[in-house]
Amino acid sequence: LNAKILMSEGLYEDAKKTLRRVMRMEPGNLSARDRLEEIQKVEIKKILGGEETRAGGFRSSRMDRNAPKPEAGAAAILESLERELGPSGRSESELFPDDASRAGFIEGIDALCESANAQDRLDLGIAFLEMDLFDVAIRQFEFAARDADVSRKARGLLATALLTAGRPFDAMIEVESLVADQSIAPEEKLDYGYIGGRAQEALGNFESAARWYRAVLQIEDHYRDSHERLMNCLKKCASTRS
């Protein structure tokens, strides 16, 4: 009831917070899930902010193609870690056989990065993400996101890391916040819309995922594998109805 009142007054962020609390306590609450989907429909319509589609699409700011490379501070930290960890290429399970070793490693990284600036944190997060050390990457992006100069980029990468780490619900929270920012250029929102589709797909919300992919394809009609994912989601929606 509280969420419904907030929605009627246009206070969607407050409504989402209330509904997420309900979903965490009652994962099977269909009413809360449906209301979250209602809000998402409104927010997806705002992804472009009414911008027109250009012929051929926008040049996208894709995270995987234009990721910054580690510089001096981050490079020194990575070199130190390489000496401690030995040759690269080992799997995460080999590096961290249990939760205690993982926690100890993250604490060690925090100590090494104590004086690192936000850009170094961002670079380290990207390096760890490429090494499939998702928990460590997430930690770095969370720190970097506190700095206004790199906050938006860090939060976009954080959403990617959360999704890749198997935390689509948390990734969705970051995405919703990013696409609601009307100061962000449409081409940048392509990344966020795509991650939103991936997150909803991972959650099994195929109708919602399809809406995200459609919104992305309205801007750029060959964006990554959005078309293939959209078709797959539509097939799954059809199979559940039959």
Side-chain angles (χ1 to χ4, degrees), residues 12-13 16 20 36-68 122 125-126 128-130 132 134 137-138 140-142 144-145 150-237:
Y12 293 116
E13 286 301 318
K16 285 193 294 186
R20 286 186 193 119
L36 275 171
E37 289 218 355
E38 284 177 40
I39 294 172
Q40 283 180 0
K41 287 178 186 178
V42 174
E43 292 181 330
I44 289 171
K45 289 178 183 177
K46 294 180 180 178
I47 285 181
L48 300 184
E51 294 286 337
E52 293 181 359
T53 302
R54 297 181 191 171
F58 290 102
R59 182 173 64 84
S60 68
S61 55
R62 302 186 187 189
M63 298 171 193
D64 52 348
R65 284 171 49 184
N66 297 326
L122 197 65
I126 292 166
F128 287 127
L129 189 58
E130 290 173 348
D132 293 337
F134 305 121
I138 287 166
Q140 301 313 308
F141 294 141
E142 287 174 339
V150 299
S151 177
R152 202 158 70 203
K153 183 181 288 187
R155 288 167 61 212
L157 286 163
L158 174 59
T160 299
L162 288 165
L163 176 63
T164 315
R167 295 167 57 184
F169 187 85
D170 293 327
M172 200 67 236
I173 292 173
E174 292 297 329
V175 166
E176 287 172 347
S177 175
L178 286 162
V179 298
D181 187 343
Q182 295 302 309
S183 69
I184 297 177
E187 58 266 35
E188 189 176 343
K189 288 186 178 181
L190 277 168
D191 283 321
Y192 308 145
Y194 176 80
I195 296 168
R198 292 281 305 273
Q200 290 294 350
E201 196 176 348
L203 289 165
N205 300 330
F206 300 113
E207 287 189 15
S208 181
R211 287 195 291 272
W212 282 99
Y213 291 134
R214 282 197 185 101
V216 168
L217 291 167
Q218 284 174 2
I219 314 171
E220 187 175 313
D221 54 6
H222 292 95
Y223 188 78
R224 302 191 188 183
D225 59 347
S226 294
H227 185 267
E228 291 80 1
R229 287 186 173 276
L230 171 61
M231 293 298 101
N232 185 54
C233 287
L234 293 176
K235 285 179 184 177
K236 289 186 176 179
C237 288

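Residues: numbered from 1 along the sequence shown.
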Correct closest heavy-atom pair for A210 and L234 would be CB-CD2, 4.1 Å
Here the pair of heavy atoms bringing I184 nearest to Y192 is CD1-CE1, 3.9 Å
W212 and V175 have their tightest heavy-atom pair at CH2-CG1, 4.0 Å
Output for pair (L190 CG, L217 CG), nearest 0.5 Å, gives 9.0 Å
What's the verdict on side chain to side chain contact (heavy atoms under 4.5 Å, CB included) for L162 and F169, showing C-alpha distance, side-chain angles and the deciding distance? CA-CA 9 Å; L162 288 165; F169 187 85; over 6 Å; no
Going by atom types alone, do Y194 and D225 pair a side-chain donor with an acceptor below 3.5 Å?
yes
Closest non-hydrogen atoms of Y213 and R229, given as atom of the first, atom of the second and distance, are OH-CD, 3.2 Å
Between the NE2 atom in H227 and the CZ atom in R214, the distance rounded to the nearest 0.5 Å is 10.5 Å
Value for SG (C233) from CD (E228), rounded to nearest 0.5 Å, stands at 11.5 Å
What one should report as the nearest heavy-atom pair of A165 and I138 is CB-CD1, 4.0 Å
The salt bridge (charged side-chain N to carboxylate O under 4.0 Å, His left out) partner of E174 among R155, R152, R167 is R155
d(Q218 CD, S226 OG) to nearest 0.5 Å is 12.0 Å
Check whether any side-chain heavy atom of D132 lies under 4.5 Å from a side-chain heavy atom of F134, and answer yes or no. yes
Closest non-hydrogen atoms of M172 and G196, given as atom of the first, atom of the second and distance, are SD-O, 3.7 Å
When rounded to the nearest 0.5 Å, the distance separating CG of D191 from CD1 of I195 is 6.0 Å
CD (E201) and CG (L230) are apart, to the nearest 0.5 Å, by 9.5 Å
Review point. Is T160 reaching over with its side chain to a backbone N or O of G156, donor-acceptor style, under 3.5 angstrom?
Key: yes
